[in-house]
Amino acid sequence: MKVVLQDLVKKYPASDSIAVNHVDLTIADSELIVFLGPSGCGKTTTMRMIAGLETPDGGKIFIGERDVTYVAPKDRRVAMVFQNFSMYPSMTVYENIAFPLQALKRSKAEIDQLVREAAELVGVSALLKRGVRQVSGGEAQRVSLARAMVRRPEVFLMDEPLSSLDAKLRVQMRTEIKRLHQETRSTMVFVTHDQEEAMTLGDRIVVMSQGKVQQVGTPHEVFFDPYNLFVATFVGTPGMNLFDGVIQQSGDTLCVDLQGYMQPIPERFRATLNAKTPTPVKWGIRPEGIRFVDATDPNSLAGQIEIIESLGSRQLVFVRSGDKLFSVIVDSLHPVRQGENCHLHFDETRIHLFEAQNGRSLTQRG
Amino acid sequence: MQPSLGQRLIAYTIFFILGVLVLVPLAAGVITAFKPRIIWVSSPPTWIFSPTLENFEFVLIQRNNLLHLRNSLIIASGSVTIALILGVPAAYALARFRFRGSKGLLQWLISLRMIPPIVVALPFYILFQTFDLRNTHIGMMMAYLTFLIPLVIWMMRGYFAEIPSAMEECAMVEGYSRLGALRKVVLPVVLPGIIATALLNFMFAWNEYFLALILGGRDTSTLPAAAATYVGRAQVEWGNLFAINLIIMTPVIILTLILRRQLVKGLSLGAVD
Amino acid sequence: MALPIKTQPPSATRQSQFRIWFYHWSQKNIHWFFIAPALIAILVVAIYPIVYSTGLSFFRVSFDSRERPFVLFENFIWILNDKDYWGALGNTLLYVAVTVSGSFVVGFGLALLLRRISVGRNWIRLVLILPLTIAPIVVGLTWNWMFDPLFGLVNWFFIGIGVQPQTWLAQTGTARIVVMLVDIWQWYPLVFLIMDAGLSSLPKAPYESARLEGASDWMIFTRITLPLLRAVILVALLLRTVDAFRTFDLVRVMTDGGPAQTTETLSLYLYRTAFNFNKLSRAGAGATIMLIVISIISNFMFRFLYREQEGR
């Protein structure tokens with residue numbers, strides 16, 4: 001079922017400061033969309049408005065063609081999995097999963113069948129008679145998934161469901177949720193502050209900050225083509241290298257001046273740079289976009305290796321060049337040594353430019 | 001770090017002495033309640049005798065304390081029930097919802113617990129006459145609500161604050177109204193807290209003396225008020241007095257024994273939070 | 001971003017406008033549905049009496065007269081000129097100081113001591129809180145009997161160690177002390193309960209690291225336990241202070257203010273003024289003053305407490 005958020009506004013109670021600031025978004029049918037952002041960015045509040053747990057102060061919410069803005073949560077045909085709550089402590093696993101069906105006043109036999117199906121799907125069939133004290137945290141979270149699915153909701157809402165689990169279990173459950181989505185093909189909204197979770201799960205990612213949507217796009221788009229400085233810095237670890245710079249005309253090409261070394265800027269930026277140079281910008285490149293090259297390479301910047309951190313198969317190298325410190329990711333087999341001189345080559349296609357004033361990306365978009 | 005043997009020995013000795021100080025007066029009183037009239041005030045006290053129930057019979061039937069017992073039961077359980085019905089929802093709202101002035105309201109409600117009873121007793125005394133509530137159980141219950149409602153709110157708020165709000169929100173998304181969610185998922189979890197709150201409130205209402213003394217009429221006088229009439233006479237009827245005392249003590253002690261775990265938890269939550 | 005949103009369907013009448021408004025309103029004010037019943041009850045059983053009692057203190061009211069002339073501050077002036085009032089106030093302050101600190105030291109001490117042992121903790125706890133569950137009136141009567149000069153167990157104990165029997169509750173020197181000791185006997189369990197719960201909620205980490213750094217027991221207590229427990233201690237002291245300030249039951253049955261009014265507390269004095277001397281409005285004035293004093297004390301402690309909790 002399609003979900004449409006139209007100009008959604010929510011103020012914090014008792015303070016009037018704005019939690020969700022004019023959010024417009026269309027979530028396609030059977031899409032898995034991830035709301036990503038730091039805590040307090042409004043992602044959870046937006047989700048709670050879709051669930052009906054918060055009433056918006058402005059705007060509308062549609063599920064399918066139905067305007068649900070003023071519909072009580074119980075009548076929205078959505079399901080929600082919560083961050084800090086998984087099982088009703090006064091009920092067994094079976095009773096937990098049956099609980100949403102009892103609200104629908106289904107027959108005992110029908111409930112029994114649906115409960116067993118849902119339990120099967122998330123793999124808790126063996127635990128049906130257990131109480132909350134006899135299941136692990138991961139199992140309890142599976143029960144809450146089963147409880148969410150058993151009603152065949154039109155939309156699944158998940159509010160950081162994995163954040164209370166340990167790292168290994170988190171990865172396992174992530175795969176599980178992806179599988180559930182593929183099997184049920186229902187619309188899912190997933191809230192997280194963990195970008196790795198967002199990248200692996202989402203068909204599309206909604207990056208939010210300070211109550212506003214910063215960018216909506218596929219994981220690939222968000223990573224490789226951030227709309228603004230916030231997205232560029234929030235997504236990706238280690239973060240993008242970002243520096244103040246001035247764009248200059250050098251012969252036919254555009255360049256940014258790095259202590260005398262003129263780094264060429266791709267042509268695709270020319271149209272948005274208003275042709276008037278020099279232009280102050282923020283320019284950036286991800287650590288993966290930098291390579292070590294021989295000193296003979298004319299397109300390179302000289303520097304000195306300061307720190308080396310191993311990331312397992314790859315290594316993170318910090319290189320100082322003048323007043324700038326670059327982080328570079330290279331293969332672990334690449335020989336580097338602390339204190340060594342080196343030369344950096346910047347992959348032109350990986351260069352990002354942002355307006356110095358408002359942080360907007362200078363990449364031209366159709 | 002394990003305390004040394006000496007430390008533990010000292011600790012147990014202190015607890016033993018305290019236990020004696022607590023239990024001896026109570027036990028001596030209980031024993032006296034079963035003493036026949038002639039040895040009530042024997043000096044030195046007699047401890048070997050054949051126990052008798054005549055004191056209980058005398059105070060309950062001759063002295064009409066059955067009526068006071070009945071009054072105590074009606075007023076204490078009635079006022080506690082009303083206080084719970086009114087206070088539990090308020091405690092829930094104060095634990096759950098942040099709104100303008102919620103904190104101040106909570107503080108104000110709790111501070112009502114600190115009103116000196118004389119401040120309430122005097123106007124109630126006059127108002128009872130105005131509204132013809134003298135000698136009615138309803139009037140007594142109203143007076144007791146003055147301190148019971150704030151106590152219920154104080155204790156229950158602690159219990160509700162411990163339950164994640166996601167619990168009832170989850171039930172609300174799963175097809176229940178807020179009241180339905182409260183009844184089906186929150187109530188079972190918070191029940192021990194309600195029991196502890198009910199017990200503690202019952203204890204205070206049951207043991208209450210000041211309001212009972214001033215406001216209690218012929219048909220509404222409670223057991224503590226009746227017990228107090230035994231002092232100040234030339235000859236105190238100790239056996240009879242301790243029979244009443246035992247009747248006052250027993251229900252609360254039995255309830256405390258049964259519900260001691262909930263009670264300790266409830267009291268500490270109300271206080272610590 | 002293009003939004004495939006239909007405009008309001010034609011059925012959006014005034015009625016549905018009202019429904020939207022009502023939904024909004026009820027969601028925003030849902031807390032009042034829960035609070036209102038208690039609030040209304042409080043207004044009737046607490047606020048109305050308080051206002052009435054305050055108002056009363058500006059009139060002359062007694063049981064034998066229907067006339068209630070307005071006298072402004074006459075009652076306040078009368079009560080502030082009554083040396084019995086100041087005597088009762090002095091007694092009450094002494095009473096508060098002794099019983100609050102006494103019950104606090106005993107209760108907190110026992111709670112700390114309970115941490116040192118492991119066998120029989122639940123039973124000890126149960127015995128220790130017993131006095132709290134017993135009606136103050138029963139406690140007072142029981143100890144009256146214990147201190148009886150003829151057959152009281154206390155005297156028999158003292159005779160056993162060679163001390164002459166005393167009329168404990170009839171002598172100005174001892175009556176005060178005895179009443180305050182009994183008050184401590186009754187109320188230390190409250191402090192014990194609160195501090196016991198506070199101690200068991202303490203985190204373990206600071207203690208472990210302090211032990212590793214070789215801190216002494218006394219240092220651990222003053223530098224870690226006390227600071228962590230400050231809010232809990234404040235709650236215990238607040239409850240005890242307010243209760244001690246309005247003590248009535250125990251004193252009433254043990255000494256009824258005597259001998260020579262050395263144990264007369266404010267509550268007792270006001271009761272006597274209203275019901276024995278038939279000066280309702282004077283008692284009302286006294287009660288008003290007491291209310292103000294208690295509000296100031298509790299407000300002060302509350303502020304302290306909230307600052308404490310916010311600091312955590």
Side-chain angles (χ1 to χ4, degrees), chain B residues 1 3 7-8 11-12 14-15 18-19 22-23 25-26 28-29 41-45 86-87 89-90 92-93 97 99 107 111-112 114-120 122-124 127 142 145-146 149 153 203 207 209-210 224 227-228 231 238 241 245 248-249 252-253 256 260 264 267-268 271-272, chain C residues 30-31 34-35 37-38 41-42 45-46 49-50 52-53 56 110 113 116-117 124 126-128 130-131 133-138 141-146 150-151 153 156 185 193-194 197-198 201 211 232 235-236 242 246 248-249 253 256 267 270-271 274 280 283-284 287 290-291 294 298 302:
Chain B
M1 193 175 64
Q7 279 182 323
R8 273 181 288 163
Y12 278 114
I14 293 174
F15 283 128
L18 250 296
V22 167
L23 292 176
L26 298 177
V41 291
S42 60
S43 172
L86 296 171
Y92 168 76
F97 303 111
F99 52 93
Q107 188 183 335
S111 69
L112 285 178
M114 311 183 175
I115 306 172
I118 184 99
V119 173
V120 183
L122 279 180
F124 263 114
L127 293 169
M142 280 176 64
L145 286 180
T146 312
I149 293 176
I153 292 178
M203 192 177 101
N207 291 345
Y209 170 62
F210 188 76
V231 286
W238 287 109
L241 175 59
N245 279 0
I248 299 176
M249 275 157 58
V252 179
I253 290 182
T256 310
R260 64 176 193 277
V264 169
L267 272 175
S268 53
V272 178
Chain C
I30 185 161
H31 45 271
F34 290 91
I35 297 174
I42 291 276
V45 301
I50 289 174
Y52 194 99
S53 159
L56 200 67
L110 290 173
L113 207 59
R116 300 254 144 189
I117 60 165
I124 291 174
L126 205 62
V127 171
L128 288 181
L130 214 49
T133 64
I134 297 167
I137 190 103
V138 173
L141 292 171
T142 303
W143 282 101
N144 265 358
W145 178 75
M146 291 288 288
L150 285 178
F151 46 83
L153 288 190
W156 284 103
W185 184 88
L193 268 178
I194 295 172
S201 70
R211 293 253 161 70
V232 185
V235 169
V242 173
R246 59 188 192 190
F248 179 84
D249 304 11
V253 295
D256 202 11
S267 289
L270 293 175
Y271 172 79
L280 273 185
M290 192 169 165
L291 183 67
I294 289 204
S298 68
F302 251 121

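- B/M203 is listed as a side-chain neighbour of C/T133, based on a closest heavy-atom distance under 4.5 Å.
- In this structure, the side chains of C/I35 and B/F97 stay at 4.5 Å or more apart for every pair of heavy atoms.
- Proximity to chain C involves both the backbone and the side chain of B/L145, based on heavy atoms less than 4.5 angstrom apart.
- Contact of B/I115 with chain C is made through backbone and side chain together, with heavy-atom distances under 4.5 Å.
- Counting heavy atoms from C-beta outward, C/I134 and B/N207 have side chains that stay 4.5 Å or more apart.
- Contacts between C/L130 and chain B at a heavy-atom distance below 4.5 Å involve the side chain alone, from C-beta outward.
- For a residue to count as touching a neighbouring chain, one of its non-hydrogen atoms must lie under 4.5 Å from one of that chain's; by this rule B/V252 touches chain C with the side chain only.
- Put simply, of B/A11, B/P25, B/A28, the one with the most heavy-atom pairs under 4.5 Å next to chain C is B/P25.
- Counting only heavy atoms from C-beta outward, the side chains of C/L128 and B/F15 approach each other to under 4.5 Å.
- Put simply, the side chain of B/P116 reaches to within 4.5 Å of the side chain of C/L291, judged on heavy atoms.
- Heavy-atom distances place both the backbone and the side chain of B/M142 under 4.5 Å from chain C.
- Aromatic ring orientation, B/F99 versus C/H31: parallel (interplanar angle below 30°, classes split at 30° and 60°).
- Taking C/L110, C/D256, C/V253 one by one and counting their heavy-atom pairs under 4.5 Å with chain B, the maximum is reached by C/L110.
- The main-chain N or O of C/V45 is found under 3.5 Å from a side-chain atom of B/T146 such that the two form a donor-acceptor pair.
- Residue contact with chain B, scored on non-hydrogen atoms closer than 4.5 Å, involves the backbone and the side chain of C/N144 alike.
- Per-residue counts of heavy-atom pairs under 4.5 Å with chain C were compared for B/I253, B/L23, B/V120, B/L18; the largest is that of B/L18.
- Interface remark: C/A274 contributes side-chain atoms only to the contact with chain B (heavy atom separation under 4.5 Å).
- Proximity to chain C (any heavy atom under 4.5 Å) is restricted, for B/F124, to the side chain, taken from C-beta onward.
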